[in-house]
Every structure is written in structure tokens, then in C-alpha cells.
Amino acid sequence: MSEPVPHAAAVRCFDTLDEVSAAVAREFVALARDAIAAKGRCTVALTGGTTPRRMYRLLGAEPLRSEVCWRRVHLFFGDERAVAPTHPDSNYGMVRDALLDAIDIPPHNVHRMPAERADLDAAAAAYEAELADVFGRAAQGSPPRFDVVLLGMGEDGHTASLFPGTPALAERSRWVVGVEAAGVATRRMTLTLPVLNNAAHVWILVSGAAKRQALRQVLAGDGEHGRLPAAFIRPASGELTWFVDRAAAAGVTG
Ligand code: 6PG
């Protein structure tokens, strides 16, 4: 697997997570407006975790809620834990509570990852088929191109459910794979680098001092130790933007 290399990326630093959330929400409204004007729809891969929750809530409330034509937006998920959508650890459940229940989006435009199924490989294949259908691609052909992929980053540099040293991180042909519990809290399902790096825009939201070391390593392209999964996020023909707060960026950015 090739070493990650520094990638031209924009780093937008804000004093607080609230300010990060407001900035990402505003950018989302603008991006959705432009994508819908250009193509009639906007395709999004949402991140889980806790960092994006405030941003999702802002998009689900006025004034921003009414500025998005939700019936023309398709929401997918970058990853999901192998739990029911009603489980407190469910990324879908977090997004449903923070955003989906507040917006008028057609149910068929929300593409939940069925990671709770016993056969994780079959569930991943089913999600690939759903991606192929919505994007009009042949499954495992050229990857779908999202208008925007939202990501977070863990303290170990993982992103989506791509964890250091795992087969999922090394996957270069399948679009969606299952992730066994080894080394991670639970079994999961995740989009792979071929999909994430094919997006028109990738936004990585990072908050808190606990992420500082990983953020510093990834932004420095620290090859020797740079096997941090987030360092492999390098959109081939898209734009990567880090939205970080000062607690995470202290000593990393100017
Ligand atoms: C998940 C996420 C994961 C998350 C990071 C950061 O399923 O947990 O997809 O990649 O973005 O772990 O999580 P926090 O935002 O909670 O710090």
C-alpha cells in the first residue's frame, strides 16, 4: 500500500466547535444549491460520531433548513456500526434525531447502511448495489462521485470506519466493506478509499485537543508514522477541506 503523501488541502480553523458547525452548515447549503442548479440533485455521504451533531442540528433548523431543497438531496452514510438503527451507537440514529426528523426529505432519498445484518459482506454488497443504482454505475465499476463526503477523524487517525492497518483501509476495488471487531469497538460497515477519494468535495471535521497529535501528523504528511487512515484521504480530482477548531489545531496551523 503506497505511503500517504501530503495533499493540497485547505485548513479552515475556528475558535470553537460551534463556529466549525456553523461554517460547515453554511457551506453545505451553498454546495447543495449549486449542485442542484447544475445537475438537479446533490449527493452526500454523512459522517457519524459526535463532532457533526451540532452541524446536523443547524441544517435541520431555520433558517438553514428552508434553504435546502431536501427532495433533491440524496443522503448516504460513510460508515455505520453493526447495531440496529434504534441503538444509541447508531450513526443513522444520531443523524435521524439531529436532522432527518426535522427535514422534509423523501424516505427513498435517505440510504441507511444495513450494518446490523448478520452477513456483513452481503449487506455491504447490497449497499454497493444501492450506490450503483442511484449513481447509475455498474457495481464495482468506476466509483460513484459524491458531491460532498463528510468525515470525522479519531484520535488514532481513523476516518469513516477505516482503521489503521486494516484490510478495509487497503481495499482498492470494492466500494463498501464490512469491518470486523478486531481492534475496534464494534463490527462496522464503511465506504472505502476509492469512493471517498472520488468525491468532488471532502470535508473533514475535527474538534478537541485529543485529536491534535493525529491532526498534526496527517497535515504534515508524516510518512514514517503517516499510516494514519485520514492521511490517505486525497481526492483525486476533488477538493479536501479540513474544518478544525482551535483546540485540535493548536500548534498545527498558523
Ligand atoms: C464513527 C465515525 C468515525 C468518527 C470518528 C470521530 O462511526 O464513529 O464515522 O469515523 O468520525 O471516530 O468521532 P467523534 O466525532 O465522535 O470524535
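Both ligands and their constituent atoms are indexed starting at 1 by order of listing.
- Without hydrogens or angle criteria, Arg137 side chain to Val134 main chain gives no donor-acceptor distance under 3.5 Å.
- No donor-acceptor pair under 3.5 Å is formed between the side chain of Asp147 and the backbone N or O of Ala35.
- Within the 3.5 Å criterion, the main-chain N or O of Asp18 finds no donor-acceptor partner in the side chain of Arg54.
- The cluster map of Ile, Leu, Val, Met, Phe, Trp and Tyr, joined by side-chain heavy atoms under 4.5 Å apart, puts Val177 and Leu120 in different clusters.
- Salt-bridge formation is detected for the pair Arg174/Glu128: a Lys NZ or Arg NE/NH1/NH2 atom is positioned less than 4.0 Å from an Asp or Glu carboxylate oxygen.
- With hydrogens and angles disregarded, no donor-acceptor distance shorter than 3.5 Å links the side chain of Arg117 to the backbone of Ala123.
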Kindly print each ligand 1 N/O atom paired with any protein N/O atom under 3.5 angstrom away, one pair per line, or none if nothing qualifies.
unit_1   : atom_1 : unit_2 : atom_2 : d
ligand 1 : 7 (O)  : Asp79  : OD2    : 2.9
ligand 1 : 7 (O)  : Arg81  : NE     : 2.9
ligand 1 : 7 (O)  : Asn91  : ND2    : 2.9
ligand 1 : 7 (O)  : Arg188 : NH1    : 3.2
ligand 1 : 8 (O)  : Arg81  : NH2    : 2.7
ligand 1 : 9 (O)  : Asp79  : OD1    : 2.7
ligand 1 : 9 (O)  : Asp79  : OD2    : 2.9
ligand 1 : 10 (O) : Ala160 : N      : 3.3
ligand 1 : 10 (O) : Ala160 : O      : 2.6
ligand 1 : 11 (O) : Thr47  : OG1    : 3.4
ligand 1 : 12 (O) : His158 : NE2    : 2.7
ligand 1 : 15 (O) : Thr50  : N      : 3.2
ligand 1 : 15 (O) : Thr51  : N      : 2.9
ligand 1 : 15 (O) : Thr51  : OG1    : 2.6
ligand 1 : 16 (O) : Thr50  : N      : 2.8
ligand 1 : 16 (O) : Thr50  : OG1    : 2.7
ligand 1 : 17 (O) : Lys211 : NZ     : 2.8

